[in-house]
Structures are given as structure tokens and as C-alpha cells.
2 protein chains.
Amino acid sequence: MKPRITIREVAKEAGVSIGTASRALNRAGRVSEAAIAAVSKAARRLGYEPDAIAQSMRTRSSGAIGLIVSDLANPLYARIITAVEAALQAAGYALLIASTHNDGKREKNLIDLFRRRRVDGLILGPCETENPKLLEQLSQEMPVIALDRDFGPTGTGVYVDHYTGALQATRYLLNLGHTRIALLTPGSVLRPGRERIAGFKEAYKEQDLKPVPKLIRCEKSAMDFAFTEALSLLSGPEAPTAFMCLGTRILAGVLQALRHTGRTAPGDVSVISIGDTDLSQLFTPSITSLTWDLEIVGTVLAQLMLKQLERDADIEPETIVITTQLVLRESCGPATARKKATA
Amino acid sequence: MKPRITIREVAKEAGVSIGTASRALNRAGRVSEAAIAAVSKAARRLGYEPDAIAQSMRTRSSGAIGLIVSDLANPLYARIITAVEAALQAAGYALLIASTHNDGKREKNLIDLFRRRRVDGLILGPCETENPKLLEQLSQEMPVIALDRDFGPTGTGVYVDHYTGALQATRYLLNLGHTRIALLTPGSVLRPGRERIAGFKEAYKEQDLKPVPKLIRCEKSAMDFAFTEALSLLSGPEAPTAFMCLGTRILAGVLQALRHTGRTAPGDVSVISIGDTDLSQLFTPSITSLTWDLEIVGTVLAQLMLKQLERDADIEPETIVITTQLVLRESCGPATARKKATA
DNA sequence: CTGTTAGCGCTTTCAC
DNA sequence: GTGAAAGCGCTAACAG
């Protein structure tokens with residue numbers, strides 16, 4: 001493994017001091033054009049590559065941003081991350097990535113790890129054990145941007161308006177005559193889950209109705225849970241006439257359950273899902289879905305970060321809300337004579 | 001932003017020299033138990049967190065691994081990355097991530113960037129412009145693990161056996177009586193594409209048949225391409241009786257085209273896809289698919305990396321081949337009287 | 001076993 | 001404008 005070229009050698013090659021070499025390379029402070037020319041020529045000739053670690057050491061800035069989510073493989077996150085990465089890459093930042101698998105302890109470890117690596121900023125997705133105090137404290141050390149995650153009124157972040165989304169979706173189903181709507185969500189602890197459930201309930205309230213408690217099911221493990229829950233709901237005495245699948249992988253489980261019991265949408269039950277996947281678009285029937293722009297979420301996340309990085313003084317916290325759209329497809333129909341017995 | 005605690009302060013607090021403090025913290029060299037106790041107590045009390053940048057500066061090892069793929073949002077990569085991240089995290093490494101969007105120039109930039117950041121190793125996914133020389137040279141600087149990507153006989157990597165996979169899948173279709181098989185693949189430049197096409201042709205050869213050249217279509221942009229291509233193929237004079245969708249997002253386009261033209265599988269055409277997504281599993285009919293274990297790919301990738309990192313001497317290159325499985329579902333049927341005209 | 005010292009490669013005063 | 005020198009926080013030699 002050949003030794004790297006250092007600025008020292010570049011300076012020697014260019015016939016200047018290392019101080020001048022540094023200034024020339026960074027075009028900082030007073031440097032003569034002649035020096036700049038000589039140094040950059042020397043650098044090019046030698047194939048000099050500044051050592052980012054040494055730079056960080058001096059400047060106290062690593063040029064890296066840490067991003068922590070619960071699960072990288074979640075397609076929603078994956079697309080957000082892509083957008084974040086693109087924007088950050090364009091601005092010259094590197095992206096350190098890690099996933100918590102919803103383990104609060106692990107998240108804390110990762111944050112510490114990233115801190116030790118002197119990341120310049122942190123983007124945090126939702127995690128089971130949100131610790132607002134921890135984050136607030138953290139954000140005094142470096143910019144912290146939250147993604148769909150609560151942390152006090154002083155926090156900066158981008159939030160998807162799950163509340164209104166769920167509200168609209170539920171309204172839509174209620175207006176179709178459904179009252180026995182099953183709500184499957186991967187958890188009520190995380191902000192998205194909480195908001196969605198709140199929106200769901202609000203829609204009922206608007207019409208002076210009450211949701212059926214037994215039809216609200218939340219659990220961690222996504223797809224398997226959805227399948228078994230949907231199955232049990234369908235075979236129960238008071239089966240739902242509609243399903244709201246509030247989580248990326250819930251829909252798959254529900255569709256599986258429908259298939260398993262010989263039901264079809266929208267004839268037997270109506271189905272609404274969250275997130276616009278291949279599955280929701282191409283399934284027959286295509287699935288009415290609640291969607292939002294993941295690229296924008298990622299881009300905004302990165303922009304907020306870059307903005308905070310730029311003026312590293314403390315700036316007022318900023319909150320960007322992303323709205324959702326209800327894409328009407330074929331999977332919902334009126335709740336007419338849905339008396340079909342326990343199958 | 002409060003100043004960090006340094007080892008200097010820990011040493012003072014513990015009443016030892018910074019050298020001893022360092023040794024105590026790292027349990028390296030000769031240290032008394034007493035010193036260890038005193039130092040770790042002091043460290044804990046002060047909330048000391050070693051500065052990873054400074055450590056890297058000295059040890060010439062950043063504790064970070066770079067991972068470069070064409071597209072983070074590709075669900076296949078996403079799941080591989082998750083596994084890589086988990087394994088690396090467990091071993092105390094951080095993961096730097098970036099995507100090339102199949103731009104060879106950008107890839108080169110990213111590699112340089114990562115090199116400047118002194119990553120301890122590099123994991124590289126396929127990229128349009130594979131540059132075996134570049135990689136070979138690179139691998140003399142640090143461990144480089146290739147993912148489904150050729151780089152000379154000296155390279156270490158994990159490879160999916162796309163060749164045999166495509167061979168088996170094609171055989172299967174040929175045995176069902178299909179001879180007009182359309183092959184849609186996102187590209188023949190990348191190793192996976194090349195291998196798949198080779199396997200496809202080999203299957204024909206085995207039976208003394210020849211594939212229909214016009215039915216082989218490759219293009220970069222995944223889903224849109226697949227849709228339009230499939231459409232044109234279906235409405236052409238000699239429409240295929242089967243589709244092989246050799247790429248993550250191809251299947252969606254083909255299914256869309258089928259739906260658009262009122263065709264269904266396996267009645268009108270047979271369909272085989274690559275990768276086991278929700279879509280292939282839950283679509284009606286469920287799609288016969290070629291799959292392999294993404295978690296294993298990720299884990300093996302990380303293990304190869306860790307192994308090379310451990311014994312940083314040059315070790316013999318290693319190649320792990322991952323086999324694929326053909327999961328038979330409902331989307332393929334015999335090619336009987338498929339005389340259905342140009343619709 | 002422990003303290004002292006010399007840097008890692010770079011940026012940034014500070015004199016000149 | 002430029003050079004010399006002082007570290008950033010840490011580890012690794014080297015004496016003791």
C-alpha cells in the first residue's frame with residue numbers, strides 16, 4: 001500500500017512553504033496568482049488528494065452527515081434516503097447511514113457513535129423510544145433534523161401530514177357508507193401511527209360516529225401481523241367492511257388474507273393503503289392509496305440540513321409539513337348489503 | 001456548543017498521564033488494574049467520548065466502510081445494504097453510502113471522495129462503466145469487495161449466479177413449449193444482464209433452438225421502458241408467448257402492458273420475473289420468480305470485508321457465488337394453441 | 001507499569 | 001504575499 005502524497009510534498013514540488021500551499025489549494029487568505037498556479041500544477045502532477053481526516057481534525061468539521069432510520073430496506077425510507085443522498089452529495093457532504101430496527105437503545109448508541117465521528121449534522125427518522133430531551137440537547141451540539149418524529153417545539157424537521165391524510169381517507173370510506181372500518185397500523189407509539197389514528201377517529205367524530213375499538217389493531221411486525229390480524233378480523237362475528245392499511249407492508253398482508261378467504265375488493269370489502277407501491281398500482285383491483293412525495297421529503301430534509309449547516313449560529317427551528325394525496329383507484333366501493341356471513 | 005472532553009482532562013481527573021489514560025481506555029500495552037479503574041471512572045464521570053477523527057488521524061484507519069451502488073432505492077440493493085449495515089455495525093464499523101445512478105464518472109468521483117475520507121474498505125455494486133484496471137489498482141490500497149461486478153481475476157466479491165438462473169428459467173419455459181420468449185432486461189452492459197442473456201441463449205442452444213433476436217430488448221430506464229417495449233412486442237406481428245422480466249422493475253411494466261392489452265397470464269402469455277417482491281407474490285396470478293437470498297448476499301459481503309480488514313496483509317482473492325432458485329407459481333403455462341392474433 | 005515526547009496531515013495565526 | 005510554528009486529540013515509541 002503506497003504512501004499518500006501529502007501537502008508537504010506538494011509544497012516542496014511547487015517550491016513554496018506548506019502554509020502557502022494550503023492557502024493556494026483552498027484559495028483562502030492572501031495568495032499570489034503565481035503561487036496558486038504553481039501549487040495546483042504540482043498537486044495535479046503528484047496526484048495529490050487532501051486527507052479529509054486531517055482536514056476534519058483541524059477544522060472540526062467532518063463533512064459527513066449521519067442519517068438514522070429504523071429500517072433501510074423500508075422502500076419509503078429507501079427513496080427518501082436516495083433523495084437526501086443526492087442533495088448532500090451535490091453539496092459535497094458524505095452520508096453515514098445506520099438503522100435502529102426500532103431499538104431505542106441502539107439508536108442512542110448510534111447517535112453517540114456518530115457524534116464521536118464528529119458528523120456535522122444528524123437526520124433522525126422515527127424510533128420507538130423517542131426521547132425529546134435527548135434530541136433537544138443533541139441539537140445544541142449540531143444541527144438535527146427530524147423526519148416524522150416529535151421532538152419538542154424547538155426542533156427542526158419535516159413532517160408528513162398523516163393526520164389529515166388519515167382523516168380524508170376515513171371520510172371517504174365513511175361517505176361510502178362504511179362504518180365498520182378496520183384500521184391496521186404498525187404501531188401507535190411512533191408519530192406517524194399516532195397521527196393516523198387520531199385522524200381516523202376525528203373522521204368518525206365529524207359524523208357523530210364512533211370507531212369500533214376492536215377493529216383497530218396495531219402491532220410492530222408488519223406483514224405477518226397484518227395477515228393474521230386481517231384473517232382474524234375477517235372471520236370474526238362482526239367483520240369489517242373496509243380495511244385501512246396504514247403502513248408500508250400492511251397492505252401485502254391484508255391482500256394475502258383476502259385471497260386466503262376468497263374475498264375480493266371492492267365487492268366484499270374495500271381497501272385503502274398508504275404509500276404508492278407497485279403492488280397498489282398493479283394489483284387487480286388497483287388499490288386506492290394515500291401518498292406523498294418521497295423525493296420532496298428527502299430533498300427538503302437535506303435542504304434544511306444544509307441551511308442549518310451554512311449559518312451555524314442557532315437559527316429559529318423550522319417545520320416543513322408535507323401533505324398527502326388520496327389517489328382514488330378501484331379498491332373501494334359502497335358498503336351496501338354486506339351481510340356475508342362468517343364464511 | 002460546549003467543548004468536548006478530551007483524554008487530557010480524563011487523565012488529569014484520574015491523576016495519571018495521558019499516555020496511561022490512553023492505554024487504560026484501550027486496554028493496550030501494560031496498564032495496572034488500578035489505572036484502568038481510575039481512568040474509566042474518570043471517563044465515565046466526565047462523560048468522555050473519544051474523538052474518532054483524532055483516532056483515525058493517528059491509527060490511519062477511519063473505521064468506516066464505503067458502499068457504492070447505482071441506486072439506493074432499488075429494493076434489491078436496499079435489502080442487501082441493510083444486511084451489510086447490520087453486520088458492519090456489529091463489528092464496530094460505520095457505513096458511508098452513495099449512489100452513482102450508473103454514471104461511471106460519478107462513481108470515480110465517489111471512490112476518490114471515499115478514499116480521501118480514508119475509508120477502510122469499499123464495497124462496489126455494478127456500474128455501467130466497470131473499469132477493471134481502476135479497481136485492481138484500488139484494491140492494492142484497501143480491501144475492495146465487488147457485488148455482482150467483474151473486476152479481473154484478482155478481485156474479491158460475491159456474485160449471484162444469474163447465468164444458471166436464467167438458464168433454468170428459460171429451460172422451464174422451453175419445456176412448456178414456448179419458443180417465442182421475450183427477454184426484457186435493464187441492460188446488457190452490467191454483469192447481471194450479460195450473464196442472464198448468456199444463460200438465456202444457452203438454454204435455447206441446449207435444445208438446438210435459436211432465440212428470436214427481436215424479442216430480446218434491453219434498455220436502461222426500467223419500468224417505463226418495460227411497459228412500452230412489452231406493449232410493442234404484444235402488438236407486433238409475431239407476439240411472444242412468454243415474458244422473462246430480468247430486472248427488478250421490469251415486471252411492473254410488463255404487467256401493466258398485459259393489463260392494458262387485456263391479456264392475462266398464464267392464459268395468454270406466461271411470465272417469469274426476477275426477484276421476489278410483494279408484487280410477484282401477491283399478484284393474481286402469482287408470478288413464477290427467480291430469487292436469491294439478499295440477506296445472505298449482504299452478510300457475505302460484510303464478512304468478506306471484515307475478513308480482509310482483519311488480516312490486512314494481502315490475502316488471496318475470494319469469490320462467493322450465490323445460487324438462485326426458481327420459485328414456481330401460477331404465471332406460467334404450456335404454450336398450446338397460442339394463435340391469438342394481433343389483437 | 002508509567003510519564004514524556006513525537007508526530008499523523010492539515011489549517012491558521014503571527015511575524016516578516 | 002509568504003514562511004515558520006503552533007497545535008487539533010490521539011496513539012505509539014521510548015525511556016525510566
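Labels below follow one simple rule: chain letters A, B, ... track the order of the sequence lines, proteins then strands, and each chain is numbered from 1.
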Quick one: pull up [atom1] in [X] and [atom2] in [Y] and give me the separation to the nearest 0.5 Å.
X: B:Arg116; Y: A:Gln55; atom1: CZ; atom2: CD; result: 5.5 Å
X: A:Asp112; Y: B:Glu49; atom1: CG; atom2: CD; result: 4.5 Å
X: A:Ile65; Y: A:Leu309; atom1: CD1; atom2: CG; result: 4.5 Å
X: A:Arg23; Y: A:Ile18; atom1: CZ; atom2: CD1; result: 10.0 Å

inquiry  = Closest-nucleotide mapping onto DNA chain D: is B:Met57 or B:Gly19 further toward the 5' terminus? I mean the 5' end.
reply    =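 That would be B:Met57.
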
Measure from [atom1] on [X] to [atom2] on [N] and round the result to the nearest Å.
X: A:Ile53; N: D:dT11; atom1: CD1; atom2: P; answer: 14 Å
X: A:Arg60; N: C:dG9; atom1: CZ; atom2: C1'; answer: 15 Å
X: B:Ile5; N: D:dC8; atom1: CD1; atom2: C1'; answer: 16 Å
X: B:Arg8; N: D:dT11; atom1: CZ; atom2: C1'; answer: 13 Å
X: A:Ile18; N: C:dT12; atom1: CD1; atom2: P; answer: 13 Å
X: A:Glu49; N: C:dC10; atom1: CD; atom2: C1'; answer: 15 Å
X: A:Lys12; N: C:dC10; atom1: NZ; atom2: C1'; answer: 17 Å
X: A:Arg116; N: D:dC8; atom1: CZ; atom2: C1'; answer: 17 Å

Distance-only side-chain donor-acceptor flag, A:Ser70 / A:Asn102, under 3.5 Å =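 Judged by distance alone, the side chains do not pair up.
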
[X] (side chain) donor-acceptor with [Y] (main chain) under 3.5 angstrom:
X: B:Tyr48; Y: B:Thr6; value: no
X: B:Arg191; Y: B:Val160; value: yes
X: B:Arg27; Y: B:Ala24; value: yes

key: DNA chain D-proximal residues of residues 21-32 of chain B, any heavy atom under 4.0 Å   =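 The answer is B:Ser22, B:Arg23, B:Asn26.
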
key: Bend angle of the helix from C:dC1-D:dG16 to C:dC16-D:dG1, from helix axes over five pairs at each end, nearest 10°   = 40°

Can you tell me if the side-chain N/O atoms of [X] get under 4.0 Å from OP1 or OP2 in [N]?
X: A:Gln55; N: C:dT11; answer: yes
X: B:Thr59; N: D:dT11; answer: no
X: A:Ser17; N: D:dG3; answer: yes

ask   = Would you call A:Ile111 and A:Leu134 a side-chain contact if the rule is heavy atoms closer than 4.5 Å?
value = yes

ask   = Taking for each residue the nucleotide of DNA chain C bearing the nearest heavy atom, is the 5' side occupied by A:Ala54 or by B:Glu33?
value = B:Glu33

ask   = Can a donor-acceptor pair under 3.5 Å be found between the side-chain atoms of A:Arg58 and the base atoms of D:dG7?
value = yes

inquiry  = How about CZ on B:Arg45, more than 12 heavy atoms from neighbouring residues, nucleotides or ligands closer than 6.0 Å, or not?
reply    =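 Atom CZ in B:Arg45 is crowded, with more than 12 foreign heavy atoms closer than 6.0 Å.
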
inquiry  = Please pick, from C:dC10, C:dG9, D:dC10, the nucleotide with the shortest atom-to-atom distance to any side-chain atom of B:Ile7.
reply    =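 Of the candidates, D:dC10 comes closest.
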
